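First up is the structure itself, then whatever we jot down about it.
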Amino acid sequence: MMHDGLKKVLMGIGEAARKAGRNPEDVTLIAVSKTFDAPEVVPVIEAGQRIFGENRVQEAKGKWPALRAMWPDIELHLIGPLQSNKAAEAVTLFDAIHTIDRPKIAEAIAREVQKQGKTLKLFVQVNTGREPQKAGIDPDEADAFLTTCRETHGLTIEGLMCIPPAEEDPTPHFTLLTQIATRNGLKALSMGMSGDYASAIACGATHVRVGSAIFGVRG
Ligand SMILES: *Cc1c(COP(=O)(O)O)cnc(C)c1O
């Protein structure tokens, strides 16, 4: 079965990767299904997509267990802010968390990962635009925080995530994230959304988080 939005985004990813001299298979599409329910999500699953992103633990908990019972190979990524009192539920529900941004969260996740005996892909979110209202560790504190994650909490961090300021050229932010990842020996870069995933891929994104370009405008 075909899905127009999904098809368009997969073609866009392929084109951006080839233009950057990269293999399209090195870019993972996370289909961001927040606010959309099963009737909108199922056609995208049926078209072959298996990796989805949600920004709220509560919403994911209501939506995904039933869908995963039908498609057990689905992989679910948490891309929204996490409170430490939701860490247990988040570790149970998700296969990846993109939003580790402070010691309290790192500690809570480490505790749950150990307790539940589960391996998750973990990303540290960096506030590349230093926006006060936005989550993420300050770029100047990222190196030290990554060391804390590793040495104090025993977490294996796969990569970094950022959400550039809405009104700015995203490229300098993607570049900054890439630099922090490189000097810390991290390979995964979660960056790029519907409006800027092509630039993110040009800058080295390994994971793009695309919602509205697949599902349509959120209500
Ligand atoms: C909603 C969301 C996206 C997807 O945004 P679109 O513009 O709809 O592609 C990506 N990342 C995060 C963190 C989000 O909350």
Side-chain angles (χ1 to χ4, degrees), residues 3-16 27-37 40-41 43-44 47 49 51-64 75-83 86 90 93-102 105 109 120-137 139 157-171 173-174 176-178 181 188-219:
H3 185 283
D4 284 343
L6 178 65
K7 191 177 158 198
K8 216 157 67 186
V9 169
L10 287 173
M11 284 174 59
I13 290 171
E15 195 183 326
V27 182
T28 299
L29 171 62
I30 302 168
V32 177
S33 49
K34 65 185 185 197
T35 78
F36 292 100
D37 276 323
E40 285 95 14
V41 176
V44 177
Q49 179 66 22
I51 305 176
F52 290 86
E54 290 283 345
N55 70 334
R56 292 208 168 101
V57 175
Q58 222 45 38
E59 184 184 342
K61 202 175 147 189
K63 192 191 300 186
W64 282 99
E75 192 179 300
L76 207 54
H77 291 229
L78 177 64
I79 61 168
L82 179 62
Q83 257 113 47
K86 294 266 173 70
L93 265 170
F94 290 95
D95 304 292
I97 297 175
H98 291 236
T99 48
I100 299 175
D101 67 349
R102 53 194 191 278
I105 290 295
I109 289 172
L120 282 84
K121 286 181 198 150
L122 301 174
F123 294 75
V124 163
Q125 181 175 355
V126 182
N127 188 353
T128 57
R130 299 183 167 90
E131 296 173 279
Q133 81 284 8
K134 207 167 260 176
I137 189 97
I157 303 293
E158 304 240 341
L160 303 179
M161 178 270 218
C162 76
I163 310 169
E167 310 298 324
E168 285 180 32
D169 174 6
T171 297
H173 297 274
F174 296 151
L176 174 59
L177 198 72
T178 306
L189 288 164
S190 166
M191 56 192 199
M193 323 201 317
S194 291
D196 58 15
Y197 69 82
S199 338
I201 290 169
C203 294
T206 60
H207 294 69
V208 293
R209 312 175 309 266
V210 180
S212 47
I214 297 173
F215 292 98
V217 179
R218 284 181 291 274

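We're numbering straight along the sequence, starting at 1. One-based numbering, in listed order, for ligands and for the atoms of each. What you are looking at is a predicted structure, and each value in this text was computed from that prediction instead of being measured.
- Looking at residues two or more places apart in sequence or on another chain, you find no side chain to side chain donor-acceptor pair (under 3.5 Å) involving E15.
- Smallest separation of non-hydrogen atoms from K134 and P164: NZ-O, 3.3 Å.
- Taking a heavy-atom cut-off of under 4.0 Å, ligand 1 is surrounded by V32, K34, I79, M161, I163, M193, S194, R209, V210, G211, S212, R218.
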Under 3.5 Å, side-chain donor or acceptor atoms of residues 208-216 against the rest of the protein: list the pairs with distances, not counting sequence neighbours.
residue : atom : partner : partner atom : Å
R209    : NH1  : S190    : O            : 2.9
R209    : NH1  : S190    : OG           : 2.9
R209    : NH2  : C162    : O            : 3.1
S212    : OG   : S194    : OG           : 3.3

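- E59 is linked by a side chain to side chain donor-acceptor pair (under 3.5 Å) to K63, counting only residues two or more places apart in sequence or in another chain.
- Other residues, nucleotides and ligands contribute only 12 or fewer heavy atoms inside 6.0 Å of the CG atom of D4.
- The two atoms that bring Y197 and G12 nearest to each other are OH-CA, 3.5 Å, heavy atoms only.
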